[in-house]
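See structure below.
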Amino acid sequence: MANFSNQMRLSSTLLRRLHQRVAAAVNSSSSRNFTTTEGHRPTIVHKRSLDILHDPWFNKGTAFSFTERDRLHIRGLLPPNVMSFEQQIARFMADLKRLEVQARDGPSDPYVLAKWRILNRLHDRNETLYYKVLMENIEEYAPIVYTPTVGLVCQKYSGLFRRPRGMYFSAEDRGEMMSMVYNWPADQVDMIVVTDGSRILGLGDLGVQGIGIAIGKLDLYVAAAGINPQRVLPVMIDVGTDNENLLKDPLYLGLQDHRLDGEEYIEVIDEFMEAVFTRWPHVIVQFEDFQSKWAFKLLQRYRNNYRMFNDDVQGTAGVAIAGLLGAVRAQGRPMIDFPKMKIVVAGAGSAGIGVLNAARKTMARMLGNTEIAFESARSQFWVVDAKC
């Protein structure tokens, strides 16, 4: 009995010591956390060693100082010369100028796609340097990461795919989206750009390959608008495709089924919206390149309940109105003359009709915002087939 009591006391002592060691290890680990600055706010980095160098969010390459190398356990894992970001950019630009001609995969691979490939490789390994390069050369590289090159990227995306970026929600994920959103590592997301790939630029239905348009748009938001790159999320909602070439392509990355329609389609989008706003209630969701059939319906369905907008219907319209009003001013005429202008809209897609509606409302407000003013503004527009 005495032996049993001694064993019990010994077990209790061992358990106490074990708890103390675990607590000490936790405290020691937390006290060694490294704090860096992202977007003028401190960020605690929990990773160490190669995990840091393999994480594009935190990797700074040879720009890590010796203090950072010691605290992050990466001393010896990098060449010893500490280089400034300016030196890194100069080195990258020298490689880019040399490789943009030589890095083509074949004669059909144009120079712009070679540039995109090189920039994308940089994005994969060092996001900080990628955005610094983009910010300092925005005029040259905005057309590479977004239009017009992004259209070519989307057409070839299944062959270009090397590393996943963003999230994919598909018709096969119905009933699972609420748990899927917690697979994304960021606890805070400020901006989501989502597409279903049904009308990518003027290229039509590109299915899951349309994710390139969401990635490119967010790259511009980060580089030009200063949004934290760790708080953006490109999203593809794959509900199938009606592109017969993709349905027959064995290398296509998306669902090889015809597009969902009607209530089935709505149910997928509803579940997605509920899921992302449950995890990130303050996020802004931008709908991008949805076919006209759904663009207006989804805008009306969600605009009063969620922080969302449709870029083709509203974003393009806002820029177009600014241009139209600027044209009136450039003619030396007063703004009140805008309702007298005759406007021709080429094409009745989501962007064209969005511009028409915004311009008509602007005219009506200038004329008193009455029913008669709206009817008067309506007569100032002509819509013609874009292919005429």
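Under a hydrophobic clustering in which Ile, Leu, Val, Met, Phe, Trp and Tyr are joined whenever their side-chain heavy atoms come within less than 4.5 Å, directly or via other members, Leu324 and Met335 fall into the same cluster. A chain of hydrophobic side-chain contacts below 4.5 Å, direct or via other Ile, Leu, Val, Met, Phe, Trp or Tyr residues, connects Leu160 to Leu201. Put simply, Leu325 and Met341 are part of the same group of oily side chains (I, L, V, M, F, W, Y) that touch within less than 4.5 Å, one to the next. Hydrophobic clustering places Tyr141 together with Phe85 (ILVMFWY residues linked when any side-chain heavy atoms are closer than 4.5 Å, directly or through intermediates). No single ILVMFWY cluster, assembled from side-chain heavy atoms under 4.5 Å apart, contains both Met135 and Val145.
The environment of CD in Glu244 is crowded: more than 12 heavy-atom neighbours from other residues, nucleotides or ligands sit within 6.0 Å. Residue Glu263 qualifies as open at atom CD: its count of foreign heavy atoms under 6.0 Å is 12 or below. Within 6.0 Å of the CE atom in Met178, the count of heavy atoms belonging to other residues, nucleotides or ligands exceeds 12. Within 6.0 Å of the CZ atom in Arg307, the count of heavy atoms belonging to other residues, nucleotides or ligands exceeds 12. Within a 6.0 Å sphere centred on NZ of Lys342, heavy atoms belonging to other residues, nucleotides or ligands number more than 12.
Panel note: side chain Asp205, backbone Asp242; a donor-acceptor pair is recorded below 3.5 Å. The backbone N or O of Pro56 sits nowhere less than 3.5 Å from a side-chain atom of Tyr130 that would complete a donor-acceptor pair. Side chain of Arg165 to main chain of Ile215: no donor-acceptor pair is present (N/O by atom type, distance under 3.5 Å, no hydrogens or angles). Between the side chain of Arg71 and the backbone N or O of Glu68 there is no donor-acceptor pair closer than 3.5 Å. The main-chain N or O of Val313 is found under 3.5 Å from a side-chain atom of Asn310 such that the two form a donor-acceptor pair. The backbone N or O of Ser170 sits less than 3.5 Å from a side-chain atom of Asp173, completing a donor-acceptor pair. Side chain of Asp312 to main chain of Asp289: a donor-acceptor pair is present (N/O by atom type, distance under 3.5 Å, no hydrogens or angles). Using modelled atom types, no side-chain atom of Arg199 and backbone atom of Asp196 make a donor-acceptor pair closer than 3.5 Å. A donor-acceptor pair under 3.5 Å is formed between the side chain of Asp238 and the backbone N or O of Leu255. Without hydrogens or angle criteria, Arg125 side chain to Arg121 main chain gives a donor-acceptor distance under 3.5 Å.
Tyr146 OH to Tyr221 OH: the interatomic distance, rounded to the nearest 0.5 Å, is 7.5 Å. In this structure, CG on Leu129 lies 9.0 Å from CG on Asn59, to the nearest 0.5 angstrom. Note: Leu367 CG to Ile336 CD1 = 6.0 Å, rounded to the nearest 0.5 Å. In this structure, CG on Leu119 lies 11.0 Å from CG on Asp124, to the nearest 0.5 angstrom. Here the CE atom belonging to Met308 is positioned 8.0 Å from the CZ atom belonging to Phe277, to the nearest 0.5 angstrom. If you take CE on Met167 and CD1 on Ile192, they are separated by 9.0 Å, rounding to the nearest 0.5 Å.
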**Request:** Apply the test side chain to side chain contact (heavy atoms under 4.5 Å, CB included) to residues Val208 and Tyr252: give CA-CA distance (whole Å), side-chain angles for both, the deciding distance (0.1 Å), then the verdict.
**Result:** CA-CA 8 Å; Val208 78; Tyr252 176 59; 3.6 Å; yes

**Prompt:** Going through the checks in order, is the side chain to side chain contact (heavy atoms under 4.5 Å, CB included) test met by Trp294 and Ile266?
**Reply:** CA-CA 9 Å; Trp294 289 112; Ile266 290 290; 3.5 Å; yes

**Prompt:** Would Gln155 and Leu152 satisfy side chain to side chain contact (heavy atoms under 4.5 Å, CB included), going step by step from the backbone distance to the final call?
**Reply:** CA-CA 5 Å; Gln155 288 177 298; Leu152 183 61; 4.0 Å; yes

**Prompt:** Passes side chain to side chain contact (heavy atoms under 4.5 Å, CB included), Asn357 versus Arg360? Steps please.
**Reply:** CA-CA 5 Å; Asn357 286 336; Arg360 183 167 60 95; 3.7 Å; yes

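Taking the six-membered ring for Trp and the full ring otherwise, the centers of Tyr131 and His123 sit less than 6.0 Å from each other.
A salt bridge links Lys217 with Glu288: the closest approach of a Lys/Arg side-chain nitrogen to an acidic carboxylate oxygen falls below 4.0 angstrom. Remark: Lys340 engages Asp337 in a salt bridge, criterion side-chain N to carboxylate O under 4.0 Å. A salt bridge is absent between Glu86 and Lys132: the closest approach of a Lys/Arg side-chain nitrogen to an acidic carboxylate oxygen does not fall below 4.0 angstrom.
With hydrogens and angles left out, the side-chain atoms of Asp51 and Ser49 include no donor and acceptor closer than 3.5 Å.
Here the closest non-hydrogen pair linking Ile138 and Pro143 is O-CD, 4.3 Å.
Side-chain contact between Thr195 and Met236: present, with at least one pair of heavy atoms (C-beta onward) separated by less than 4.5 Å.
Looking at Asn305, Leu298, Asn304, Leu299 one by one, the single match for side chain to side chain contact (heavy atoms under 4.5 Å, CB included) with Tyr302 turns out to be Leu298.
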